[in-house]
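Beneath this line is the structure, given in structure tokens, with notes to follow.
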There are 2 protein chains.
Amino acid sequence: MADEELPENIALAWGLRDRPSRGPKRSLSLEQVVAAGIQVAQAEGLPAVSMSRVASELGVSTMSLYRYVPTKHDLLDLMVDTAFGPPPQPRAPGEGWRPALARWGEGHLTALRRQPWIRHVPINGAPINPNQVRWLEYGLHALRGTGLRATERISTIMLVNGYARSWATLSLDLAEAAARSGQTPDEVGMRYWRNLTVVTAPGPYPAIHELLTETGDEDDDEDAEWRFGLGRVLDGVEVLIESRATQDPAGR
Amino acid sequence: MADEELPENIALAWGLRDRPSRGPKRSLSLEQVVAAGIQVAQAEGLPAVSMSRVASELGVSTMSLYRYVPTKHDLLDLMVDTAFGPPPQPRAPGEGWRPALARWGEGHLTALRRQPWIRHVPINGAPINPNQVRWLEYGLHALRGTGLRATERISTIMLVNGYARSWATLSLDLAEAAARSGQTPDEVGMRYWRNLTVVTAPGPYPAIHELLTETGDEDDDEDAEWRFGLGRVLDGVEVLIESRATQDPAGR
DNA sequence: TATCTTCTGCGTATGGTCTACGCATTAAAG
DNA sequence: CTTTAATGCGTAGACCATACGCAGAAGATA
């Protein structure tokens with residue numbers, strides 16, 4: 001196997017570890033450690049995930065964990081990859097790129113909503129862990145045959161990915177701030193607008209005041225804003241794809 | 001002044017603090033504390049910003065800082081707001097929404113590039129600090145008279161903001177990973193593709209392999225991908241604005 | 001002027017964090 | 001049976017944020 005050359009991180013995540021056959025049996029598996037970390041994060045939030053907390057969850061000592069994971073950050077990366085899980089149903093044979101890519105974006109949102117702590121794990125670099133690679137495959141697959149070039153396909157899925165992540169972060173932050181203060185998200189939103197009104201009162205902020213006086217006829221649908229942004233992104237992609245199709249049908 | 005009702009955070013950021021006229025003179029100002037924090041973050045990265053590090057930078061004791069700032073996170077918020085600085089030149093009278101909004105997005109990227117540590121400060125909630133509010137004003141101003149509704153204007157600038165932030169994060173992470181390993185960003189990119197090739201070799205990843213075999217005719221321009229994504233986003237917004245203009249010229 | 005009141009800076013202490021190092025034990029390989 | 005490597009873990013070091021309380025400074029008040 002060509003698992004040489006690979007950094008320790010990656011080999012670990014893909015299960016390409018050599019036989020540790022000489023010493024005593026390990027009392028745990030990497031999967032158990034990762035699962036315990038996820039459980040703590042899910043139950044008590046990411047700040048509660050310390051090595052000692054995870055270790056006590058498993059009934060072992062703190063330092064034992066370092067026989068399974070080189071560093072805490074590697075554990076977090078593995079937790080994210082496992083918690084994200086595999087991508088949704090891939091693009092069906094007759095399906096267009098747009099619904100497939102929309103489903104991809106929704107999948108990100110769903111995963112982040114189900115495990116809100118994921119958004120607080122700092123991103124290390126380009127996606128290389130197993131599930132991340134599967135999501136990458138899905139996203140690229142959705143854009144096959146659209147006439148977009150390689151760099152354009154990558155940029156497009158990064159665009160959707162970034163939008164889903166930033167929107168999920170914003171809406172979850174709001175919801176958690178609400179829960180923390182024992183109010184509904186609507187109340188927190190109202191309080192924000194009121195605070196904004198107070199601080200912008202003395203200064204020249206015409207566009208903000210215009211916004212504040214436009215009484216929003218509250219859309220009940222929680223996800224209307226999400227779908228709005230996603231629609232704009234996909235519209236922008238569609239403009240490019242269609243212009244390619246008409247100007248240069250061969251896909252270059 | 002209507003500075004009652006405002007949370008401590010916000011009052012502090014807007015300089016709406018009451019007269020502390022009774023006791024001894026303070027030996028520092030809030031601005032000095034924030035500036036010292038920024039200096040440490042800029043020179044040694046965000047993890048180096050501890051209360052004791054900032055205090056020693058100022059020649060005072062650790063606990064003295066808590067007379068200026070309620071908690072460390074409030075200090076970080078103030079640091080971000082100060083480091084971001086004011087937005088760029090606002091939309092000129094005859095200027096269209098699109099170049100103005102593009103400049104807004106570029107401004108985000110420039111600010112994040114100049115102070116890369118900003119991206120590691122976790123976002124607390126909706127923008128309420130002075131410079132953040134100025135950026136908000138700018139963004140909304142750029143969309144005045146486009147026929148977009150209030151929620152649509154907000155969603156649009158959140159979209160551009162999220163894109164700029166996520167793209168800056170990704171490109172800076174890559175650059176820092178490169179610097180850390182003493183390689184050029186290109187080398188790190190090559191290494192990533194090679195690692196991806198290795199791990200995807202045994203499995204079924206047709207779209208990724210298609211991507212990997214498409215030899216990218218390397219675009220020299222570093223920001224080509226950034227401008228690609230921004231162009232798609234703005235195209236998507238343009239589609240909506242134009243459809244509004246033709247269907248409903250009155251702006252709803 | 002003398003006292004009161006409030007605010008300052010800071011010393012101490014608590015309870016946490018990650019992880020480097022080394023040691024005794026275990027179990028498979030030769 | 002010996003060799004060898006891997007395991008779990010105890011100890012310790014170097015940090016971290018911040019709660020609490022105290023001595024002293026200086027404006028407000030009598």
Side-chain angles (χ1 to χ4, degrees), chain A residues 8-9 11-12 15-34 36-37 40-41 43-79 117 120-122 124, chain B residues 8-9 11-12 15-34 36-37 40-41 43-79 117 120-122 124:
Chain A
E8 184 68 10
N9 303 335
L12 218 80
L16 302 175
R17 238 330 207 346
D18 288 13
R19 58 282 152 86
S21 61
R22 203 46 106 65
K25 289 276 167 33
R26 339 187 82 181
S27 61
L28 301 171
S29 69
L30 179 58
E31 285 74 21
Q32 280 178 283
V33 174
V34 172
V40 172
E44 304 170 41
L46 194 66
V49 178
S50 71
M51 294 307 262
S52 53
R53 182 75 184 74
V54 174
S56 82
E57 198 76 8
L58 291 163
V60 302
S61 142
T62 304
M63 289 313 292
S64 302
L65 298 188
Y66 286 95
R67 296 281 177 193
Y68 296 85
V69 158
T71 180
K72 184 191 178 184
H73 204 96
D74 294 317
L75 172 57
L76 292 179
D77 282 346
L78 293 171
M79 283 166 56
W117 53 269
H120 292 128
V121 178
N124 241 0
Chain B
E8 183 68 8
N9 302 336
L12 219 79
L16 304 175
R17 232 340 200 344
D18 287 12
R19 58 284 148 86
S21 61
R22 204 48 106 65
K25 290 276 170 26
R26 339 186 83 181
S27 61
L28 301 171
S29 69
L30 179 57
E31 286 73 22
Q32 280 178 283
V33 175
V34 172
V40 173
E44 304 171 39
L46 195 65
V49 179
S50 70
M51 294 307 262
S52 53
R53 182 76 182 74
V54 174
S56 82
E57 199 75 9
L58 291 164
V60 301
S61 144
T62 304
M63 290 312 292
S64 302
L65 297 188
Y66 286 95
R67 295 281 177 195
Y68 296 85
V69 158
T71 180
K72 184 190 178 183
H73 203 96
D74 294 317
L75 172 58
L76 293 179
D77 282 346
L78 292 172
M79 284 166 55
W117 52 270
H120 291 130
V121 178
N124 241 0

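Lettering of chains follows the sequences in order, A, B, ..., and the numbering in each one begins at 1. The analysis underlying the following values was restricted to heavy atoms, covering all of them including side chains, and did not include hydrogens, waters or symmetry mates.
- Rounded to whole angstrom, the span from the NZ atom of A:Lys72 across to the C1' atom of C:dG16 amounts to 12 Å.
- Contacts of B:Thr71 with the nucleic acid, taken as non-hydrogen atoms under 4.0 Å apart, involve only primed sugar atoms and P, OP1 or OP2.
- Comparing B:Tyr68 and A:Pro70 by the nucleotide of DNA chain C whose heavy atom lies nearest to each, the residue mapping closer to the 5' end is B:Tyr68.
- Contact between the side-chain N/O atoms of A:Lys25 and the OP1/OP2 oxygens of D:dA6 is not found at any separation under 4.0 Å.
- At whole-Å resolution of the value, CE in B:Met51 and C1' in C:dC10 are 14 Å apart.
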- Message: Apply side-chain hydrogen bond (donor to acceptor under 3.5 Å, both in side chains) to residues B:Asn124 and B:Asp77 and explain how you reach the verdict.
- Response: CA-CA 8 Å; B:Asn124 241 0; B:Asp77 282 346; 3.0 Å; yes
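- For B:Tyr66 and D:dG21, the OH to P distance is 18 Å, given to the nearest whole Å.
- Candidate nucleotides D:dA25, C:dA27, D:dC16 were compared by shortest atom distance to the side chain of A:Pro24, and C:dA27 ranks first.
- If you check every strand for non-hydrogen atoms under 4.0 Å, A:Thr62 touches a base.
- Look at CG on A:Leu28: it is 11 Å from P on D:dT7, rounded to the nearest Å.
- The CZ-P distance, from A:Arg26 to C:dA27, rounds to 15 Å in whole Å.
- Rounded to an integer number of Å, the gap from CZ of B:Arg67 to C1' of D:dT18 is 13 Å.
- Distances from the side chain of B:Ser61 to the nucleotides C:dT17, D:dG24, C:dG11 place C:dG11 closest.
- Contact of the A:Leu65 side chain with the A:Val54 side chain is registered, since non-hydrogen atoms from C-beta on lie closer than 4.5 Å.
- When all heavy atoms of A:Ser27 and A:Tyr68 are compared, the pair lying nearest together is N-OH, 3.5 Å.
- Side-chain contact between B:Ser64 and B:Leu58 is absent, with no heavy atoms from C-beta onward closer than 4.5 Å.
- Along DNA chain C, the nucleotide closest to A:Met63 and the one closest to A:Arg53 are compared, and the more 5′ of them pairs with A:Arg53.
- Going from atom CG of B:Leu65 over to atom C1' of D:dA17 covers 12 Å, rounded to whole Å.
- One can place CG of B:Leu76 at 12 Å from C1' of D:dA17, the figure rounded to the nearest angstrom.
- Listed for the B:Ser29 side chain is a donor-acceptor partner under 3.5 Å among the backbone atoms of B:Gln32.
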